[in-house]
Amino acid sequence: MKQTSTRPNIRHLSLSDLQEYVVRAGQPAYRARQLYGWLWQKHALGFEEMSDLPKVFREKLMADFSFPVAKLELLQQSRDGTVKCLFRLSDGKAVEGVLIPAGERLTACVSSQAGCSLGCTFCATGHLGLQRNLMMDEIFDQVAFLNALAMQQAGRRLTNIVFMGMGEPLLNYKQVMQAIEKITDPHALAFSPRRITVSTAGISKMIYRLADDGVRFNLAISLHAATDEKRSQIMPINQSNHLSSLMEALAYFYQLTRNEISIEYILLNHFNDSLDDAKALVKIYRKLPFKVVNLIEYNPVPSSPFSRADSSTTDRFIAYLQQQRVNVRLRRSRGADIDAACGQLANVVHADAALPTSHADVH
Ligand code: SF4
């Protein structure tokens with residue numbers, strides 16, 4: 001159900017906006033910090049929760065501002081412990097975020113757009129097309145909820161946050177940057193930027209901008225094929241952002257920030273899994289001080305012509321990279337049974353894995 005409000009969204013105000021508002025409302029100046037803490041640190045879901053603000057002030061806030069929240073509508077738990085969350089946005093659109101426990105790591109994978117415009121042929125999200133960009137508070141909500149879920153399920157905070165869910169983060173640049181500002185703000189969620197990885201399909205122009213903006217988080221490049229000829233077949237963005245321009249942008253990023261850059265590479269059966277493909281990948285790897293090549297097991301999606309590389313081909317591919325002294329890791333598919341794995345996010349619900357939940361249960 002579409003909700004509209006003419007009142008401004010309280011979470012689109014900066015701290016200094018809140019400070020001005022508080023003074024105009026005749027409240028003591030320290031109320032702005034209290035309010036900010038409720039919004040960004042305690043992740044309040046409504047003004048009524050802000051118990052240390054006077055009732056009359058809460059009523060004024062309710063009259064002056066809207067407070068839309070991405071509502072956690074459904075949890076689906078995989079046999080391997082991965083949990084996929086469906087978030088309903090205030091206009092009725094849905095996005096997904098995933099909690100991935102793996103050893104010591106508790107990783108949140110979050111979405112930056114509803115759908116995606118880039119149309120990578122192996123990806124379920126790409127087949128949805130772009131519905132809209134997420135607002136910074138809608139991105140923040142996913143992280144805050146997944147962090148609360150981590151606390152509830154494992155008794156500790158997230159260790160890593162990756163922007164690898166639905167959408168291309170660099171095509172929603174401003175909102176993603178603002179969300180990360182709040183996720184890392186010591187007066188909000190206080191995560192280290194070194195624990196955050198933004199993954200891009202390779203928008204060269206925006207990689208230059210990341211560098212110029214001096215960001216402190218890590219970057220992952222979704223490579224998936226190491227020649228222009230092959231990459232353009234599966235990632236249409238490569239037609240306007242060739243590998244040479246992408247490498248130049250990444251070199252600039254590394255030169256300015258020294259932040260880690262990793263390569264993501266989904267192994268697709270008989271498409272990019274041959275020894276020649278591995279050789280092309282080594283050439284790319286040697287161009288820059290990449291931290292790691294993450295090889296990803298593919299989970300076929302109905303709309304895609306591809307299947308997973310078989311295990312002996314995968315082993316041979318890894319062995320070649322290791323022999324060439326590439327720092328390579330195989331990322332085993334996680335959450336495939338609930339379509340939570342890489343490239344599978346398309347708001348598909350598996351009734352047998354759905355846990356009954358209410359928004360407040362993991363808050
Ligand atoms: S792989 Fe990423 S960039 Fe490509 S269509 Fe899917 S969500 Fe978009």
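Just follow the structure's listing: the first ligand is 1, and inside any ligand the first atom is 1.
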Visitor: Report, in ascending order of atom number, the atoms of ligand 1 lying under 4.0 Å from any heavy atom of G119.
Guide: 5 (S)
Visitor: With side chains defined as the heavy atoms from C-beta onward, is the minimum distance between N259 and F217 less than 4.5 Å?
Guide: no
Visitor: So, using side-chain hydrogen bond (donor to acceptor under 3.5 Å, both in side chains) as the criterion, who are the partners of Q233 when residues are at least two apart?
Guide: E229
Visitor: I'd like to know if K287 pairs up with E248 as an ion pair, taking the criterion as any Lys NZ or Arg NE/NH1/NH2 lying under 4.0 Å from an Asp or Glu carboxylate oxygen.
Guide: no
Visitor: Within ligand 1, which atoms have a heavy atom of C123 less than 4.0 Å away?
Guide: 1 (S), 5 (S), 6 (Fe), 7 (S)
Visitor: Between atom 6 (Fe) of ligand 1 and C116, is there an N, O or S atom separated by less than 2.8 Å?
Guide: no
Visitor: Residues in ring pair (Phe, Tyr, Trp, His ring centres under 6.0 Å) with F140, at least two apart?
Guide: W40, H43
Visitor: Which option, G126, S111, G167, owns the non-hydrogen atom nearest atom 7 (S) of ligand 1?
Guide: G167
